[in-house]
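Residue numbers start from 1 in every chain, and the chains themselves are labelled A, B, ... in the order their sequence lines are given, proteins ahead of strands. Fair warning: this is a prediction, and the values are worked out from it, not measured in the lab. Atoms considered below: every heavy atom in the structure, side chains included; atoms not considered: hydrogens, waters and symmetry mates.
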2 protein chains.
Amino acid sequence: MSEDLEELAGRYRDILRQAVYLLRSIDAEGELSTSQVSTLNMLASQPLRVGAVARFAGIRVPSATEQVIKLESAGLVQRTPDDSDARAVLVRLTEDGRKALAQANKRRNADVAAALATLSEEERGAVKNALPAIGKLNAALKS
Amino acid sequence: MSEDLEELAGRYRDILRQAVYLLRSIDAEGELSTSQVSTLNMLASQPLRVGAVARFAGIRVPSATEQVIKLESAGLVQRTPDDSDARAVLVRLTEDGRKALAQANKRRNADVAAALATLSEEERGAVKNALPAIGKLNAALKS
DNA sequence: CGCTCATAGTTAGGTAGTCTAACAATGTGG
DNA sequence: CCACATTGTTAGACTACCTAACTATGAGCG
């Protein structure tokens with residue numbers, strides 16, 4: 001029983017390990033990096049403080065600062081003061097950032113979609129069904 | 001239809017992104033790193049050439065060389081000449097390496113198993129069912 | 001008010017793990 | 001036996017993280 005859980009855990013870890021490689025492998029030349037895409041994706045729906053970016057990304061605040069500064073130099077985000085708290089910095093997408101993000105997401109999704117297309121209908125269904133559970137699992141591991 | 005595929009692809013990428021963080025988060029102080037565990041796991045069943053390590057890990061040969069050298073310094077693997085080809089180097093686990101690997105896997109699996117335990121039976125089933133398909137997907141993306 | 005303590009972010013300096021380019025050594029096939 | 005291919009290492013660079021130390025602002029309390 002707990003035996004089974006550990007066995008499943010092992011197989012799950014294996015798959016995850018491969019997936020990490022995979023994520024890297026769909027990076028492309030001269031395009032946004034995976035972490036940059038992640039950061040921009042978070043900002044797509046609303047501006048966030050640097051601290052919130054860090055929390056969502058699962059990284060420390062100084063690392064988030066660094067990412068944000070890099071994106072700012074590239075003109076993809078803007079840093080503006082938070083009117084309600086002069087210590088805080090709001091990070092928001094620029095128009096260029098929104099465009100770059102859309103393009104990067106499009107290309108990446110196309111790559112993954114092509115791979116999904118090689119699966120059987122049943123396999124795709126299995127993946128689809130597992131996504132919410134994996135999300136929950138990720139959250140559980142975060143704490 | 002292809003629309004659905006891209007949408008699924010997007011959600012899948014999201015989950016994967018989180019999983020990367022997750023993999024890092026179960027690293028622990030003064031223990032083997034995730035990539036070291038990966039490398040050692042490959043060697044658990046049989047010795048491999050440096051090139052094979054690189055291929056399996058999805059990294060370039062120089063990166064594999066570096067990993068192997070680091071593991072060798074730690075006494076966890078041995079590099080021995082390949083009798084059938086003097087250019088090649090066979091990497092094999094030492095006894096210490098086998099022990100360290102077992103311990104690291106045990107702790108990591110326990111962490112993941114604890115998270116799995118928070119899911120419902122149904123959710124766990126969904127994860128389990130998806131693993132083969134995700135593996136196939138990983139393979140498809142690799143090419 | 002004016003301290004003190006907490007919170008938000010940045011800066012500085014360091015590490016792990018990857019990459020490409022260039023090289024050495026060995027194997028292989030005309 | 002010579003040219004080309006293959007295997008691995010070395011050198012040098014980069015990204016993305018980390019911790020520690022700092023600055024600036026906010027908030028609670030006497």
Exercise. Considering residues, nucleotides and ligands other than B/K136, do more than 12 of their heavy atoms fall under 6.0 Å from its NZ?
Worked result: yes
For this session: For B/Q36 and C/dT18, give me the distance from atom CD to atom P, rounded to whole Å.
Result: 10 Å
Problem set entry | Shortest non-hydrogen separation from B/R13 to A/I26 and the atoms involved | CD-CD1, 4.0 Å
Exercise. So, is A/S35 close to the D/dT15 phosphate, meaning a side-chain N or O under 4.0 Å from OP1 or OP2?
Worked result: no
Problem set entry | Shortest non-hydrogen separation from B/I15 to A/L131 and the atoms involved | CD1-O, 3.6 Å
Exercise. What's the NZ-P distance between A/K70 and D/dC17, to the nearest Å?
Worked result: 9 Å
Problem set entry | Closest-nucleotide 5' rank along DNA chain D - winner of A/D83 and A/E66 | A/E66
Exercise. Between D/dA5, C/dG17, C/dA8, which one does the side chain of A/R87 approach most closely?
Worked result: C/dA8
Problem set entry | Under 4.0 angstrom between A/T65 side-chain N/O and C/dG9 OP1 or OP2 | no
Exercise. Under 3.5 Å, is there a donor-acceptor pair linking the side chains of B/T94 and B/D96?
Worked result: no
For this session: Would you mind classifying the nucleic acid contact of A/D85 as base, sugar-phosphate or nothing, using non-hydrogen atoms under 4.0 angstrom?
Result: sugar-phosphate
Exercise. Among side-chain atoms of A/N105 and A/N41, is any donor-acceptor pair under 3.5 angstrom?
Worked result: yes
Exercise. Got a sec: does the CD of B/Q46 have more than 12 other heavy atoms crowding it under 6.0 Å?
Worked result: yes
Exercise. What is the nucleic acid contact for A/S63, judged by heavy atoms within less than 4.0 Å: base, sugar-phosphate only, or nothing?
Worked result: base
For this session: Give the nucleotide from the list C/dG17, C/dG9, C/dT26 with an atom nearest to the side chain of A/A88.
Result: C/dG9
Seminar exercise, completed: Under a 4.0 Å heavy-atom cutoff, the residues of residues 40-62 of chain B touching DNA chain C are B/I59, B/R60, B/P62
For this session: Report the nucleotide, chosen from C/dT18, C/dA8, C/dT10, that has the shortest atom-to-atom distance to any side-chain atom of A/R79.
Result: C/dT10
For this session: With the side chain of A/Q67 defined as its heavy atoms from C-beta on, choose the nearest nucleotide among D/dC17, C/dG17, D/dG26.
Result: D/dC17
Exercise. Under 3.5 Å, side chain of A/E123 to main-chain N/O of A/S120, donor-acceptor pair present?
Worked result: yes
Exercise. What's the CD-C1' distance between B/E72 and D/dT9, to the nearest Å?
Worked result: 13 Å
